[in-house]
Amino acid sequence: MAKGLFITVEGIDGCGKSTQARLLAEALEAAGLEVLLLREPGGVKISEKIRGLLLDPGNDEMGDVCELLLYEAARAQLVHQVIAPALAAGKTVVCDRFYDSTTAYQAYASGLDPQMVAAANEIAVDGVHPDLTFVFDIDPNMAAARRADRLGEDRMEAKGLSYQAKVAEGFRMIAKTAPVRVRLIDSGRSIEEISADVWEQAHKVLSR
Ligand code: ADP
């Protein structure tokens with residue numbers, strides 16, 4: 001059986017990536033594919049527990065390296081338990097965040113050594129790489145406004161607007177360095193305009 005397609009969606013909180021991941025998964029299903037929609041950190045029991053540690057605003061003493069390794073531990077378990085077997089069985093996987101988030105947040109915005117972060121990413125994914133990645137690019141103020149109806153901020157959101165701006169810049173840099181895999185999407189538009197753009201690009205890759 002042919003290996004399934006692995007698609008990831010990325011961007012700062014409030015950029016609209018979860019909305020687009022859901023719409024993309026629905027469109028792929030409507031096209032007859034068996035689709036798994038996942039989120040990081042999380043997706044399986046162990047990784048959801050790690051998510052709790054990572055996002056708990058009460059863990060404000062967490063150091064950058066601890067944060068990096070927890071993200072990678074959550075990722076390693078999700079890849080091992082779900083993503084790798086699903087792709088091997090020919091399923092299409094759509095994942096809300098993957099290793100580009102670690103590069104943008106922990107290397108680009110938090111300042112950890114990019115080579116160390118890249119090495120940690122490699123350990124976690126064990127050779128499983130996305131075929132296609134959408135980065136939803138948005139002004140951090142607009143993203144904050146979209147998050148306004150959420151109850152409180154998680155530990156990553158609480159790092160503030162200038163941190164979010166650095167993360168957004170990191171994602172743009174990733175899109176520049178991997179232009180074939182990573183597509184930068186203007187996320188300041190309507191949900192419908194964005195999803196049409198995403199579907200057009202995903203469809204091209206599917207029909208290769
Ligand atoms: P993320 O997963 O990036 O944090 P969400 O998809 O959860 O973002 O979207 C955050 C909020 O913004 C949600 O209330 C969602 O309905 C809304 N939203 C998403 N995309 C758009 C858009 N293009 N225009 C306006 N609001 C949007």
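Just follow the structure's listing: the first ligand is 1, and inside any ligand the first atom is 1. It should be emphasised that the depicted structure is a prediction, and the values quoted were computed from it without experimental measurement.
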Legend entry - Closest approach of any protein heavy atom to atom 15 (C) of ligand 1, naming residue and atom: T19 OG1, 3.8 Å
Inset, instruction - Consider ligand 1: state whether an atom of it lies below 4.0 angstrom from any non-hydrogen atom of E192. - result: no
Inset, instruction - Would you mind reporting whether L28 and L206 have side-chain heavy atoms less than 4.5 Å apart? - result: yes
Legend entry - Ring geometry between Y99 and H129 (parallel below 30°, tilted from 30 to 60°, perpendicular above 60°): tilted
Inset, instruction - Looking only at protein heavy atoms, identify the closest one to atom 17 (C) of ligand 1 and say how far it is in Å. - result: R146 CD, 4.4 Å
Legend entry - ring pair (Phe, Tyr, Trp, His ring centres under 6.0 Å) between Y105 and Y71, worked out: CA-CA 11 Å; Y105 283 79; Y71 274 113; 7.6 Å; no
Inset, instruction - With heavy atoms only and a cut-off of under 4.0 Å, state how R150 meets ligand 1: side chain, backbone, both or neither. - result: side chain
Legend entry - 4.0 Å heavy-atom contact, S190 with ligand 1: yes
Inset, instruction - Specify the protein heavy atom at minimum distance from atom 21 (C) of ligand 1: its residue, its atom name, and the distance to 0.1 Å. - result: I191 CG1, 3.3 Å
Inset, instruction - Run the numbers for me: atoms of ligand 1, each under 4.0 Å from some heavy atom of D13, listed by number. - result: 4 (O)
Legend entry - Region of I12 that comes within reach of ligand 1 [heavy atoms, distance under 4.0 Å]: backbone
Legend entry - For atom 4 (O) of ligand 1, closest protein heavy-atom neighbour: G14 N, 2.7 Å
Legend entry - Atoms of ligand 1 close to I194 [distance to a heavy atom under 4.0 angstrom, numbered from 1]: 23 (N)
Legend entry - Close approach of R189 to ligand 1, heavy atoms, under 4.0 angstrom: yes
